[in-house]
Amino acid sequence: MLKKKIIVFLSLIISLIFVVTGCQNKQNQNVYKEVKSSKTINWGVKADTPLFGAMSIRTGKIQGFEVDLAEALTHKMLGKNAKANFVTTTANTKIQLLKNRNIDAAIAAMTITPERKKEVDFSKPYFPAGQSLLVANDSKIKNVRQLNGKKVLAVKGTTAVDAVHKFAPKASVIQYDDYGQAFAALKAGQGEAFTTDNGILAGIARDNPGYKLVGGTFTNQPYGIAVNKGQGEMANKINQALIELEKDGTYDRIVRKWFKGIPGFNLHEIEKYGK
């Protein structure tokens, strides 16, 4: 009986070793060589961020600036017959999906930060994100410094509060659980402006006539494409493709497709970013 238990125990240990070794081998594999061989890149994208990546009720597919850019990058890196496959990510899952090798790269409104650089590597910036202001069309607010002594709406857990207080220390910031609640408060007149990332505000402005972005961006928080640590070749190939897309005009065409005509959004600022 004891001998049988020992054999079972040893079998479990050996199985565990194979599982761990297999995971390590998968994580250590060269991602670029794999995507080049399969002609497919699995991209982690957002599905709840209008303009960047959002699920279309009409088509049932994720659509947006980052989706189009990922497709263009795929074809530039692997050829016109290559496939871009999209996996939905969130702020809490995209890094783990990379580490688990569920995705090859994440293009998901991901701000490049020192903390994230400890866990993943980034491409060159592809979108000059930064904090901005959303106001009603008849508002007299033109920039963040005019918010002193006024009520400003923001979302809990974001950097918006500290940023506003840096430029308008006498502003009163009211925080909400999500973007929908914050915008509803703006519509109800509970604050003079709603502040968060300019790209998110652009999506709200597009879907809600009567509101506009003002003041440009007063923080610098560009987005980058994330790859797993140790995947330098993949990051380099993405950078090369980005540069080529910027040079041949593809980047500008995608930018204009998604951001042209949004009230107060500085389209030229985005276009010159790719130069």
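- Judged by distance alone, the side chains of Q221 and T111 never bring a donor and an acceptor atom under 3.5 Å apart.
- Linking ILVMFWY side-chain heavy atoms closer than 4.5 Å, directly or via other members, places V255 and L213 in a single hydrophobic cluster.
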Take E192 and V152, measure what side chain to side chain contact (heavy atoms under 4.5 Å, CB included) needs, and give me the verdict at the end.
CA-CA 6 Å; E192 297 284 338; V152 188; over 6 Å; no

Let me see the working for K166 and F218 under side chain to side chain contact (heavy atoms under 4.5 Å, CB included), right down to the final yes or no.
CA-CA 10 Å; K166 179 179 178 180; F218 53 91; over 6 Å; no

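- Linking Ile, Leu, Val, Met, Phe, Trp and Tyr whenever their side-chain heavy atoms come within less than 4.5 Å leaves I243 and I112 in two separate clusters.
- Salt bridge annotation for E246-K124: present, with a cationic side-chain nitrogen under 4.0 angstrom from a carboxylate oxygen.
- For R253 against D248, the heavy-atom pair with the smallest separation is NH1-O, 3.8 Å.
- With hydrogens and angles disregarded, no donor-acceptor distance shorter than 3.5 Å links the side chain of T49 to the backbone of F52.
- Using modelled atom types and a 3.5 Å distance limit, the side chains of N92 and T90 yield no donor-acceptor pair.
- A donor-acceptor contact shorter than 3.5 Å links the side chain of E66 to the backbone of A109.
- Both L267 and L134 belong to a common hydrophobic cluster when Ile, Leu, Val, Met, Phe, Trp and Tyr are linked at side-chain heavy-atom distances under 4.5 angstrom.
- Expressed to the nearest 0.5 Å, how far CE of M55 lies from NZ of K46 amounts to 13.0 Å.
- Contact detail for V227 and A105: the closest heavy-atom pair is CG1-CB, 4.1 Å.
- Side chain of T74 to backbone of A70: a donor-acceptor contact under 3.5 angstrom is found.
- Taking the six-membered ring wherever Trp is involved, the centroid distance between the rings of Y223 and F65 does not fall below 6.0 Å.
- Looking only at distances, no side-chain donor or acceptor of E233 sits under 3.5 Å from a matching main-chain atom of Y32.
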As a quick check of understanding, evaluate side chain to side chain contact (heavy atoms under 4.5 Å, CB included) for D48 and Y179, giving each step before the final call.
CA-CA 11 Å; D48 60 354; Y179 299 113; over 6 Å; no

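- Across every non-hydrogen atom of K94 and A108, the tightest pair is NZ-O, 3.1 Å.
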